[in-house]
Amino acid sequence: MDRKFTHVLIAALVVHIISARVMCPSNPNCVCGGTFSIELNCNIDGRVVKINLLPSTYLNIKCENTTTLDYSQLPKCANGTSTFKSVSFKDCPLPNSSFKDILMHIGVSKTMSLIFQNAKELSGYFDRKHFAGLQDLTKLLLSVNGVTHLPNNLFVDMHNLTWLNIRCNNIKLSEELFKPLERLETLEISHNQMTNMSSNLFSHLSLLRKLSLWQSNVTKVSKDFFSGVDVLEELDLSSNGLNELPSSIFKPLRKLKKLTLFSNKFSKLPQNLFSTNKRLETVIVLNNDVKMKELPKSLFGNLLNLKQVYIQRSGIEFVPYDIFTNSSLLTNISLAFNDIEVMPESTFNDQINLLELDLSHNSLRSLEPKLFSSLVRLEKLNLCYNSIEEVSGSTFSSLLSLIYLNMEHNNLKTISSYLFSNNKQRMSISLAYNELDFQNKELKNNSWTVEHVSPFAHTYNLRLLNLSHNKFRTIFEDWWINGHEIIDISNNYLESLWENKYFDVTEHSPIHEKLLSKPIKELWITHNPLNCRCNNLNFVNVFTNVFHTKVYEDTLINCSFWRVEACFYRIMTFVTYLILFVILISMLSVTYYHYRIYIHLFIKHKLYFLQKDAERVKNITVKYSKNDEEFVLKEILPELKVHKKYNVEVKCINCANNKNNFLKQQRGTNHSNIVLVIFSPNYLTSVYSNVNIKKIRGAMLKSKNTVYVFTDDGPENSIYAFLKEQRDQRSTILRSDPNFWTVLINMLSNGDRHSTIKMPLTSVKNGFLGINEFF
Ligand SMILES: *[C@@H]1O[C@H](CO)[C@@H](O)[C@H](O)[C@H]1NC(C)=O
Ligand SMILES: *[C@@H]1O[C@H](CO)[C@@H](O)[C@H](O)[C@H]1NC(C)=O
Ligand SMILES: *[C@@H]1O[C@H](CO)[C@@H](O)[C@H](O)[C@H]1NC(C)=O
Ligand SMILES: *[C@@H]1O[C@H](CO)[C@@H](O)[C@H](O)[C@H]1NC(C)=O
Ligand SMILES: *[C@@H]1O[C@H](CO)[C@@H](O)[C@H](O)[C@H]1NC(C)=O
Ligand SMILES: *[C@@H]1O[C@H](CO)[C@@H](O)[C@H](O)[C@H]1NC(C)=O
Ligand SMILES: *[C@@H]1O[C@H](CO)[C@@H](O)[C@H](O)[C@H]1NC(C)=O
Ligand SMILES: *[C@@H]1O[C@H](CO)[C@@H](O)[C@H](O)[C@H]1NC(C)=O
Ligand SMILES: *[C@@H]1O[C@H](CO)[C@@H](O)[C@H](O)[C@H]1NC(C)=O
Ligand SMILES: *[C@@H]1O[C@H](CO)[C@@H](O)[C@H](O)[C@H]1NC(C)=O
Ligand SMILES: *[C@@H]1O[C@H](CO)[C@@H](O)[C@H](O)[C@H]1NC(C)=O
């Protein structure tokens, strides 16, 4: 099929291209080109004229910047017997001969329609001669600026005209002008000044079926304005300054089907305006510049053919109860964008065929319970942008065919839970931008009851349930399980998607079966303060992965990874943690076993230090020679005893029965004890009498845990003086030192610091370093 069509299309194009090439007229003034149509660029005495034509179809002549043109120099574009559907002149000056002559000259024998447009100020006037000889013409469009007069005999030679469109600003139309146009069926006069119109202007147009007078400054019409226009079917009086209509103005229009009244200034419409227009099917009143406030009683009543009524943006406040009475064929009614506060209960009583009702953008505060009771065929009901606060149970119960309900942008706080219980259609309901929470009370049997019952508990199989931008704090489980297709609960205050318990959709559970047979297709839950609890995470997970719902969500995606994992794989995660823990413990045990010696040593050593610094009592042995006994007993011992942490023992080296070898004794000394030697010249001579000076010094330097107190200055150049000079500052002190006691106490407490066991300590450290690296 397609292929065949393509072939035909290509063939047609080829024919056109060939004929275009063949027919391209040769003219010294013009350059010919174009692929699918012939395009001629002509220069006639310096004036640029572009001609574009498709044989048998159209021929367009466009003048650029020409206020005068010698039409006789236009090229011959066709063979003189060709007929065209339309010929147009754009921005060209008025010719001083007939259009017929020009058409003959360019080779056109006949055209159905003629278009003459000039957006610039046209010089000269139309004259009868311009249209002489155009008996065949059926359509004429004159769209020009600057012509203020059309002579009465202008159309005398155009008997066959059926369609006339005059877009002239500021022309005066006379009664005689249209007289010759006996066959005229469509007349459009626009962009004109018809402030002063005579009554019988159209009275001879007995075949006129469409009349448009839009934007023609018709501010006032006499009551017999349309007399004689018996068969008119469509009338457009839009965009005029009309502020009133005589009540009998449409009386002659017995065949009128469509009336359009955009952008006028009616402050009211007369009663019985359409009483004779029994064929009326459509009435459109839009954008009335003046507030109309009220419509007359029974305005659209008793019109048995009326199908569509649109009265929008007209400032209607009051609608009479019988406005549509007895007009039972109405299918579409719109009273949108008005200021209606109350719709009388019986307004739509006879509209058993109504399909679409639009009452949006009004000020309705409530809906009468029986307002829609006859609308059994209604499919579309638009009530958005009103101020409705509540809807009682029976309001929509008759709307058996309703498939689309829009109640967005109202003040709805309460709706009955039986609202949609009768409806069996796959409905789309939007209640977005209201104040619904279903927390408190609902209207039941005309009395308020406080119950937490979902208004949708009895509503099944919706195509769309839009509850976005409301005040829900809690969910209702029927949202999920009543077979709806798309649910929008975005922009509410929901923290939880599934109340109380873990969302249980284990296989073969009733919820699971329900959701599998009728899964939700789309679920919009963005902009809710959902918490990262497992019931929410699990809910979204199950809907996405089990029921293949498209979930639009922007809060839970920000929950931490662990949170999500913990919810989805609780047991798995627990087991994983357990295994990890066991592995860790075994690794630690192995490590401990391997390095236990070093660990023990390390711990012991640490303890040793702690003890030593804190509470360990030091043994101090004071060694002296007999001559220094007084100094020891009077100065050293009393001061040392002040410090309780010293356990002092004195040892005189040359007193009776006490001649020991000092070096030997020192070697045997317990490492934790300190020897305080009162090193006077007497002590030197008593202990080291046979030893040479180098050995003495070596012994003093090597000795551990020994502090030497040099008591005297000693004779010059003596061994004593030499030893004093070369002494080790860390373990010796002069008796004359002004800070003697401070320094001495400090030495005694640090005395065995250098004596610590260094080797094992480094080993222990290395051992632990090893463990660290292992981790
Ligand atoms: C028409 O004339 C005006 C000034 O007279 C000039 O600015 C404009 O470019 C002209 N347009 C063409 C298409 O020649
Ligand atoms: C028509 O106009 C052309 C040029 O504009 C002029 O040469 C010719 O004389 C005019 N003919 C008549 C009959 O006025
Ligand atoms: C003129 O052209 C038309 C098609 O445009 C054609 O049908 C007709 O035969 C041609 N007449 C002459 C005399 O060439
Ligand atoms: C135009 O009208 C005349 C009578 O005035 C008639 O003979 C002729 O057939 C009509 N032409 C068309 C194309 O209708
Ligand atoms: C309207 O027509 C009447 C006579 O028919 C005339 O007196 C009046 O001046 C006209 N008004 C305008 C604005 O043309
Ligand atoms: C007629 O319409 C024009 C614009 O289309 C407007 O400027 C003018 O004021 C109108 N005149 C009357 C009398 O309404
Ligand atoms: C509606 O029609 C009935 C009978 O056809 C008639 O009695 C009644 O007056 C009409 N109602 C209106 C408001 O015209
Ligand atoms: C009238 O309503 C029907 C049903 O909703 C709709 O299909 C149709 O497009 C409406 N007609 C107009 C002109 O809006
Ligand atoms: C309303 O009242 C009627 C009778 O009083 C009762 O049968 C019906 O069940 C009630 N409906 C509700 C929703 O309570
Ligand atoms: C619900 O209504 C709001 C407001 O009109 C709209 O923005 C949103 O797209 C609707 N949701 C769906 C799923 O159509
Ligand atoms: C979630 O995170 C994204 C970017 O990480 C951020 O743009 C968005 O606002 C966050 N949503 C909420 C509800 O915090």
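Order of appearance sets the numbers: ligands from 1, and atoms from 1 within every ligand. When a residue number appears, it is its place in the shown sequence, counting from 1.
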Can you find a non-hydrogen atom of Y404 under 4.0 Å from ligand 8?
no
Should E356 be counted as touching ligand 8, given the test is an N or O pair under 3.5 Å?
yes
Got an N/O contact under 3.5 Å between T331 and ligand 8?
no
If you count the atoms of ligand 8 from 1 in the order shown, which ones are under 4.0 Å from a heavy atom of [X]?
{"X": "Y310", "value": "11 (N), 12 (C), 13 (C), 14 (O)"}
{"X": "N332", "value": "1 (C), 2 (O), 3 (C), 8 (C), 10 (C), 11 (N), 12 (C), 14 (O)"}
{"X": "L355", "value": "4 (C)"}

Atoms of ligand 10 close to [X] [distance to a heavy atom under 4.0 angstrom, numbered from 1]:
{"X": "S468", "value": "1 (C), 2 (O), 3 (C)"}
{"X": "Y433", "value": "4 (C)"}
{"X": "A432", "value": "2 (O), 4 (C)"}

Parallel, tilted or perpendicular: which one describes the rings of [X] and [Y], with boundaries at 30° and 60°?
{"X": "F202", "Y": "F225", "value": "perpendicular"}
{"X": "H512", "Y": "F547", "value": "tilted"}
{"X": "F543", "Y": "F539", "value": "tilted"}
{"X": "F324", "Y": "F300", "value": "parallel"}

Contacts for ligand 7, heavy atom under 4.0 Å, by chain and number, are N302, T325, N326
Any donor-acceptor N or O pair under 3.5 Å, side chains S496, N535:
yes
Do the side-chain N and O atoms of E522 and W524 include a donor-acceptor pair separated by under 3.5 angstrom?
yes
Check this for me: R254, atom CZ, are more than 12 non-hydrogen atoms of other residues, nucleotides or ligands nearer than 6.0 Å?
no
Does the side chain of I525 come within less than 4.5 Å of L497's, by heavy atoms?
yes
Step by step, would you call K291 with E317 a salt bridge (Lys or Arg N to Asp or Glu O under 4.0 Å)?
CA-CA 9 Å; K291 228 167 130 55; E317 286 176 9; 2.9 Å; yes
Under 3.5 Å between any N/O of N466 and any N/O of ligand 10: does that happen in this structure?
yes
Could you tell me whether some N/O pair between W524 and ligand 10 is separated by less than 3.5 angstrom?
no
Report the part of E408 in contact with ligand 10, treating N, CA, C, O as backbone and CB onward as side chain, heavy atoms under 4.0 Å; options are side chain, backbone, both, neither.
side chain
If you take the centroid of each ring, where Trp contributes its six-membered ring, are [Y] and [X] closer together than 6.0 Å?
{"X": "H458", "Y": "Y418", "value": "yes"}
{"X": "F337", "Y": "Y385", "value": "no"}
{"X": "F262", "Y": "W214", "value": "no"}

